[in-house]
Amino acid sequence: MRRFLLLYATQKGQAKAIAEEICEKAFAHGFSADLHCISESDKYDLKTETAPLVVVVSTTGTGDPPDTARKFVKAIQDKALPGDFFAHLHYGLLGLGDSEYTYFCNGGKIIDKRLQELGAQHFYDTGHADDCVGLELVVEPWIDGLWAALTKHFMASRGKEERNGALKMASNASQRMDPVKPELLHIESQVELLRLDDPGRKDSEVREQSTVNRNQSSAPPAESESSLTHSIPPLSQASLNIPALPPEYLQVHLQEALGQEESQASVTSVDPTFQVPISKAVQLTTDDAVRTTLLVELDISKTDFSYQPGDAFNVICPNSDSEVQNLLQRLQLTDRREHCVLLKIKADTQKKGAALPQHIPEGCSLQFILTWCLEIRAVPKKALLRALADYTSDGPEKRRLQELCSRQGAADYNRFVRDARASLSDLLLAFPSCQPPLRLLLEHLPKLQPRPYSCASSNLTHPGKLHFIFNIVEFLSNTTMEVLRKGVCTGWLATVVASILHPDPRVSHAEGGKAPAPEISISPRTTNFFHLPSDPSAPIIMVGPGTGIAPFIGFLQHREKLQEQHPDGHFGAMWLFFGCRHKDRDYLFREELRHFHQRGILTHLKVSFSRDAPVGEEEAPVKYVQDNIWLHSKQVAKLLLHEHGCIYVCGDAKNMAKDVNDTLVEIISKEAGIEKLEAMKTLATLKEEKRYLQDIWS
Ligand SMILES: Cc1cc2nc3c(=O)[nH]c(=O)nc-3n(C[C@H](O)[C@H](O)[C@H](O)COP(=O)(O)OP(=O)(O)OC[C@H]3O[C@@H](n4cnc5c(N)ncnc54)[C@H](O)[C@@H]3O)c2cc1C
């Protein structure tokens, strides 16, 4: 058997499960895998390893490799290692991550980069799997392609040995393996799949000629364009590689309601949760602004919740009630929505390591679970589509669901499901004959994630209070029909604070006083890092367009208080690069910023307006924050390179962070007179020293 070394670095078990799957499949493809956790360094030795290496690495925290990989990463990052330390090593790496986070797949990227620096060579292209859209989208084809890549590697090695041994001829030809591109492996792996396809063989994929003939009576009228529900040739005529049906593992029992109390606190969370009243809400933008930005003040005085400026915290939010009711109706469970959901692991399940979903608390009602625990808007992964197909009675509908989860239908899945951000409800609307059981939803829908928000106040100036600001997210969803949808959390928050923003005079009157303050649940985040420098004399630059200004309001309030407390203290300069669309519609915190500027707390205030036409001489001809930074290149470079200053970038646009980063590279290169590559290294060093901090969301 051809042996390879298989290492996994796992945090929550996903990388381990994938490595185990590779290990199991290896046998059927004529390989044997030595499987180890990357932390078990006594069981393998990369320095002397001659077999190919396959590594599966997940990502945790803010783009870190898992804890189990820490020792490994530290060892390979030893600067004393020579550049050819791993020159003998051929490897393939699969990184796991979530593109919702800034440092996507960074755990894998760190290891990949370092292995390359130490001379190791890819025998197979690196895969980056995205949990945000479904790991399996990359994991499955990556594993499929691995066998051909390994085969090619072993053949090349054997050829090399023969050439070296028998012929003993010096060859100028490159011995380097060409990394195999997964897409090029497609045909090879198909051939392999067919060759190995014997009736007794269990594989994650079955090649099946769909039993449905699209020309039969119930087929929809021919359309020339594909859509979520309709395919065109060649896909509509293709035989499909459909993933194996994910094994059932939950047994669900609905029990008559016991009348128990349920609260948001029942939502399982490792962090403590605090239910706090909303003491104030203000609309920061005018009614004609492109986006509505709201400020919310929470009263945390009666809790142990504490924060410092720059921290973010989680808001626990529910799904929209109407979407939950629609789903209940579709599941034909409206009359049992108050029933208590009891879950057990199916006795005869084929699922390895099956466990009860931790995000579904015990003994809660069905309605509660759909409202507070499951991300019902999540984009369905292929495994769910696969399972839905089996509960779809109409032939053409079933075939389309099979297509969307098949290898051949990958492009359609990306276009009509992933990129269109279709939800389960959208699919149920589009495929009316699909009638899934509740079990399927509980097995497949992910945890409803709390949404993080940055604190927009200082605990020094606002003791017992916490401010945050948010844009009400709105988008046109046209998966099934064109509807205006609001973000899960911001849409809900907007309704929660509506009674404060637009109080109904009749309510207050009738109750003879003020209406009770609405309450929300929040929890602290453990990964806060976006803090003011401990030395207040260090100058800082703050870059925050739109709601990205939130933490900087906290920074400025904090600094104002410190300056009051220490009038003779030495305080570094504070620069703010803020950006908005229109000066008169969405210039957030305009008065507050003017106040800080006038008092000399904010030493430099630079504002750009992306949608206003420049008027008058005094208007800077700039649209975006990075344009303004560029205009002040000299001061920015001086502050960062010679005055030991810090730069903070915060905001809701991935492009903004990249543009600001590119501008900083240009500035450092220009002002320090160095090559761009050197400038990038300088920026990387600033990051390492925690003097260049980014808090970016999208
Ligand atoms: C550390 C951190 C701090 C943050 N701080 C703040 C802050 O201070 N203020 C702030 O406003 N936000 C902040 N965010 C972002 C915030 O957490 C939320 O992501 C944001 O408010 C949107 O939440 P939501 O539930 O309303 O939107 P969701 O329902 O989660 O939607 C998320 C995004 O997907 C898009 N989308 C969803 N479905 C579709 C569809 N069918 N078609 C097209 N597009 C779709 C929406 O446009 C939206 O941008 C922060 C994020 C992080 C990670």
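Any value given below was found using the heavy atoms of this structure, including those in side chains, with hydrogens, waters and symmetry copies removed. Whatever order the structure lists them in is the order used to number ligands and atoms, beginning at 1.
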Trainee: Show me which atoms of ligand 1 lie under 4.0 Å from any heavy atom of V488.
Mentor: 24 (P), 25 (O), 26 (O), 27 (O), 28 (P), 29 (O)

Trainee: Holding to side-chain hydrogen bond (donor to acceptor under 3.5 Å, both in side chains), I want the full list of residues that pass it with T334, two or more places apart in sequence or in another chain.
Mentor: none

Trainee: Please identify which of these residues, Y624, F578, Y587, meets the ring pair (Phe, Tyr, Trp, His ring centres under 6.0 Å) condition with F609.
Mentor: Y587

Trainee: Polar contacts were defined as any N/O atom of the residue lying under 3.5 Å from an N/O atom of the ligand; does this apply to T490 and ligand 1?
Mentor: yes

Trainee: Once you round to the nearest 0.5 Å, how far does CD1 of I601 lie from CG of L576?
Mentor: 13.5 Å

Trainee: Heavy atom to atom 35 (C) of ligand 1, shortest distance: which of R291, R377, R421 holds it?
Mentor: R421

Trainee: Out of all atoms in ligand 1, which are within 4.0 Å of some heavy atom of N471? Include the element for each.
Mentor: 11 (O)

Trainee: Considering residues at least two apart in sequence or located in another chain, which fulfil the salt bridge (charged side-chain N to carboxylate O under 4.0 Å, His left out) criterion with D67?
Mentor: R70

Trainee: Where the closest heavy atom to atom 24 (P) of ligand 1 is concerned, which of C489, A494, P450, G548 has it?
Mentor: C489

Trainee: Given E375, Q449, R451, which one has a non-hydrogen atom that is nearest to atom 23 (O) of ligand 1?
Mentor: R451

Trainee: Does atom CG (D304) have a neighbourhood of more than 12 heavy atoms from anything else shown, all under 6.0 Å?
Mentor: no

Trainee: Quick test of your reading of the structure: of L476, I696, V473, whose heavy atom lies closest to atom 48 (C) of ligand 1?
Mentor: V473

Trainee: Report yes or no: does A420 have a heavy atom closer than 4.0 Å to ligand 1?
Mentor: yes

Trainee: Based purely on interatomic distance, does A312 place a nitrogen or oxygen under 3.5 Å from a nitrogen or oxygen of ligand 1?
Mentor: no

Trainee: Heavy atoms only, cut-off 4.0 Å: how does T479 contact ligand 1, side chain, backbone, both, or neither?
Mentor: neither

Trainee: Please could you name the atoms of ligand 1 that D695 approaches to less than 4.0 Å, counting only its heavy atoms?
Mentor: 1 (C)

Trainee: Is it true that a side-chain atom of R400 and a backbone atom of S227 form a donor plus acceptor pair closer than 3.5 Å?
Mentor: yes

Trainee: Tell me whether K486 at atom NZ has more than 12 heavy atoms from other residues, nucleotides or ligands lying less than 6.0 Å away.
Mentor: no

Trainee: Regarding atom 5 (N) of ligand 1: of the candidates P551, A422, S454, which has the closest heavy atom?
Mentor: S454

Trainee: Using ring centroids (six-membered ring only for Trp), state whether F589 and F552 fall under 6.0 Å.
Mentor: no

Trainee: Which atoms form the tightest heavy-atom contact between H558 and S458, and what is the distance?
Mentor: ND1-OG, 3.4 Å

Trainee: Check whether any side-chain N or O of D586 sits under 3.5 Å from a backbone N or O of R581 as a donor-acceptor pair, and report yes or no.
Mentor: yes

Trainee: Give yes if a backbone or side-chain nitrogen or oxygen of E474 is under 3.5 Å from a nitrogen or oxygen of ligand 1, and no if not.
Mentor: no

Trainee: When you look for heavy atoms under 4.0 Å from ligand 1, do you find them on the side chain of F475, its backbone, both, or neither?
Mentor: side chain

Trainee: Who's closest to atom 12 (N) of ligand 1 heavy-atom-wise, of F530, W697, F470, F468?
Mentor: W697

